[in-house]
Colleague: 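First the structure, then my questions, so here it is.
Order of listing sets the numbers, starting from 1, for every ligand and every atom in it.
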Amino acid sequence: MENLANYEFWFITGSQDLYGEETLKQVAKNSKEIVDRLNKSKTLPCELVWKPTLLTPEAIHQTLEQANADDKCAGIICWMHTFSPAKMWIAGLSAYKKPLLQLNTQFNEEIPYATMDMDFMNLNQSAHGDREFGFITSRMDLPRKVIVGHWSHERTQKRIADWMRIARAVADGKTLRCLRFGDNMREVAVTDGDKVEAMIKFGWSVPYYGIGDLVAYMNEVKDGDVNALFDEYNQKYEIVYGSDKDFTTKQIKEQAKIEIALRRFLKDNNGKALCTNFQDLWGMKQLPGLAIQRLLADGYGFGAEGDWKTSCLVRTFKVMTDGLVVPGSKGNAFMEDYTYNLVPGEELNMGSHMLEVDPEIAVTKPKVEVHALGIGGKEDPARLVFNTIEGRGLVSAVVDMGNRFRCVVNEINVVPPKAPLPKLPVARMVWQPLPSLETSAEAWILAGGGHHTAFSNIITQEMMQDWAEMVGIECVVIDDGTKIPAFRNELRWNKAYWDSKR
Ligand code: MN
């Protein structure tokens, strides 16, 4: 994605001037080497920038204010190579506004039993210094992440990389614009919410546009452009013409026209996400289906029925996993809980949507099909139909609890449909929710999680918890350890905590 490569993270080493020049030289040399080796590992999604060792309250304050002011800086990683008295950090940390990772590592992996003297102990005391830093961040109740492990270990590097991806998505979210064509679906509660609070918390801007604004763009689309895009569909997908080839072609070309108009509209209005509402299509012949699926595949966020929260979350997932999506193997999608299989021992949840499932998660070559929608009173729309990737993943929703947002996460195991679904004219996904359909659905419903979700088989629950920590909202996870009585209590305790934060 275009601007994500520009982000960087600062590596900040803490110490003090008590140790003398020789030791501080070694501290700088060691931290430079760590930064250099982390950058060369190719594990990190962004460049890590080394900063001179911080020794005084003034230098700390100045550096953290510079991190705030620098648009490229998406977060800082702090490491106390030696002891660094934490009162020195209070002014700087009070001013600091971006994601903070405390890396509790040390330069040496192993205790050098044969040679270790007091000088070595004074130089290599992260176990000591990082506890002092941990105390002050805890006392100040700062949003933060702690990762413990040797910096050369694959696991440590992977966790740093995941944290960076989340911090980068949080930075990107500050400028995210989700264009809403029409308002929220009439009378629906869970898809609605406080747009002002969303901008304060996440940075998400969700401006409204009349559907007529889009229709005006559609009227400007030239036939030549529509035909060229139709040819592209023909190459990429299998078009199912059915009994009336002319009709099918006409319906698909209408989606091509919508796609071209939407791309231009999004570009002109700086939108990276959008939502539509089938109740608000005045002047349009079809609900956008194929057009939306094509935009999803290109990294745009989408939510149906005016669901701007899920649209922004889908876009956020795409930013979080930029560079990690492998078509047919790993990906993200806008998803909706639809129907259950409740046969004992075979409990499953089937997700889909009327039209707009993301081809990022297709395992079969998508077919373009035209069918009646049976809702909205418009012409038969074209859509992509396919089966989806299998294996472990998660679904997540952000809901508005009235005075705050809650993020709900459920780990799932996607399985192949037991039998073909010849009469279901939409893309679909079947999964076993953890720990079981019964407990998962009970917990999800108790948490108020909606029917629209963002799916990913790349993002982990740890990444979702990091995201919630960075944006400052509640996150509840339903996984193989979930038990309903404890989960109910967690919701109640969380309510007390989050209500007290306001
Ligand atoms: Mn829906």
Colleague: With a 4.5 Å limit on heavy-atom distance, are the side chains of Met164 and Leu48 in contact?
Modeller: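 Contact flag for Met164/Leu48 side chains = yes.
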Colleague: Return the CG to CZ distance between Asp172 and Phe202, rounded to the nearest 0.5 Å.
Modeller: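 Going from CG on Asp172 over to CZ on Phe202, the span is 14.5 Å.
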Colleague: Please state whether the separation between the Mn ion (ligand 1) and some N/O/S atom of His353 is under 2.8 Å?
Modeller: yes
Colleague: With no hydrogens and no angle check, just 3.5 Å: does a side-chain donor-acceptor pair link Asp268 and Tyr217?
Modeller: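 Tyr217 and Asp268 do have a side-chain donor-acceptor pair below 3.5 Å.
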Colleague: So, Asp307 and the Mn ion (ligand 1): N/O/S under 2.8 Å, yes or no?
Modeller: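 Within the cut-off used here (under 2.8 Å), Asp307 places no N, O or S atom near the Mn ion (ligand 1).
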Colleague: Would Lys245 pass as a cation-pi partner of Tyr241, given that its NZ or CZ must be under 6.0 Å from the six-membered ring centre and within 45 degrees of the axis?
Modeller: yes
Colleague: Which atom, among the N/O/S set of Glu336, is closest to the Mn ion (ligand 1)?
Modeller: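 Looking only at N, O and S atoms of Glu336, the one nearest the Mn ion (ligand 1) is named OE2.
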Colleague: Tell me, which N, O or S atom in Glu305 is closest to the Mn ion (ligand 1)?
Modeller: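 Going by distance to the Mn ion (ligand 1), the closest N, O or S atom in Glu305 is OE1.
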